[in-house]
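Okay, so here's the structure we're looking at.
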Amino acid sequence: MKHYFSFDGRIGRMEYFLSCILSNAILVPLNIITRDNMTPLWTIIYLMACVLDCWFIWAQGAKRCHDMGQSGWFQLIPFYFLWMFIAKGEEHSNQYGEPASRNDE
């Protein structure tokens, strides 16, 4: 996992899957803590974490789309993220760069 918050490059299915797991592993417990402790401090921490998480998961999604030869905007299509878990990436270089490591396919 390199350049977590960058929208450039390509990543494979496994890295995208692990990114989604990491995202949820951080936000779900934080959501539970914030829900039980509705103090202004926890609310601010939660909102900051949500902004960073959105940027992270959109960046990872864009790189996954790039691996499949698509624009990062494709991830905005409803349920396209399911296809991003299933579809193989292009095995050759494309306009987005060199292929992601194929050992995660």
Side-chain angles (χ1 to χ4, degrees):
M1 291 181 135
K2 294 183 265 181
H3 311 289
Y4 303 114
F5 295 95
S6 169
F7 286 77
D8 297 326
R10 297 167 61 172
I11 61 172
R13 292 180 289 195
M14 183 59 73
E15 187 170 345
Y16 179 66
F17 177 75
L18 292 175
S19 297
C20 291
I21 297 287
L22 176 65
S23 171
N24 284 310
I26 292 171
L27 278 189
V28 168
L30 196 55
N31 188 357
I32 292 169
I33 291 169
T34 305
R35 184 181 54 203
D36 293 339
N37 299 309
M38 289 298 292
T39 63
L41 175 63
W42 277 110
T43 303
I44 291 170
I45 291 171
Y46 181 71
L47 290 174
M48 289 174 50
C50 285
V51 168
L52 286 174
D53 181 68
C54 284
W55 189 278
F56 170 74
I57 209 64
W58 286 340
Q60 296 297 87
K63 289 185 274 192
R64 180 68 190 118
C65 289
H66 293 168
D67 192 47
M68 297 184 300
Q70 306 294 331
S71 165
W73 292 103
F74 272 61
Q75 67 181 315
L76 298 178
I77 298 170
F79 302 107
Y80 191 74
F81 72 95
L82 295 173
W83 181 245
M84 291 168 34
F85 286 124
I86 298 167
K88 280 189 167 189
E90 293 182 342
E91 295 183 12
H92 51 61
S93 296
N94 65 21
Q95 66 188 27
Y96 302 106
E98 295 297 316
S101 174
R102 294 295 109 185
N103 61 3
D104 68 348
E105 298 297 321

Can you tell if the side chain of I45 reaches within under 4.5 Å of the side chain of L30, non-hydrogen atoms only?
-> yes

Given side chains that start at C-beta, do those of Q60 and I11 come closer than 4.5 Å, heavy atoms only?
-> yes

Quick one: do [X] and [Y] end up in the same hydrophobic cluster if we chain Ile, Leu, Val, Met, Phe, Trp and Tyr together by side-chain heavy atoms under 4.5 Å apart?
{"X": "Y46", "Y": "L52", "answer": "no"}
{"X": "L47", "Y": "F56", "answer": "no"}
{"X": "F81", "Y": "M68", "answer": "yes"}
{"X": "M14", "Y": "I86", "answer": "yes"}
{"X": "W58", "Y": "L27", "answer": "no"}

Which value, rounded to the nearest 0.5 Å, describes the distance between [X] atom [atom1] and [Y] atom [atom2]?
{"X": "C50", "Y": "W55", "atom1": "SG", "atom2": "CH2", "result": "16.0 Å"}
{"X": "R64", "Y": "R13", "atom1": "CZ", "atom2": "CZ", "result": "6.5 Å"}
{"X": "M84", "Y": "C20", "atom1": "CE", "atom2": "SG", "result": "7.0 Å"}
{"X": "E91", "Y": "D67", "atom1": "CD", "atom2": "CG", "result": "10.0 Å"}
{"X": "I26", "Y": "N31", "atom1": "CD1", "atom2": "CG", "result": "13.5 Å"}
{"X": "T39", "Y": "I33", "atom1": "OG1", "atom2": "CD1", "result": "11.0 Å"}

How close do [X] and [Y] get, counting heavy atoms only, and between which atoms?
{"X": "A62", "Y": "Q75", "result": "N-NE2, 3.3 Å"}
{"X": "A59", "Y": "S6", "result": "CB-O, 3.4 Å"}
{"X": "G69", "Y": "N94", "result": "CA-ND2, 3.6 Å"}

Would you check if the side chain of R10 reaches a backbone N or O of G97 as a donor-acceptor pair within less than 3.5 Å?
-> yes

Donor-acceptor contact below 3.5 Å, side chain E15 vs main chain G12 = no

For the residue pair Y16 and F85, does the interplanar ring angle fall in the parallel (under 30°), tilted (30 to 60°) or perpendicular (over 60°) class?
-> tilted

With sequence neighbours left out, the residues meeting side chain to side chain contact (heavy atoms under 4.5 Å, CB included) with F74 are C65, Q70, S71, I77, Y80

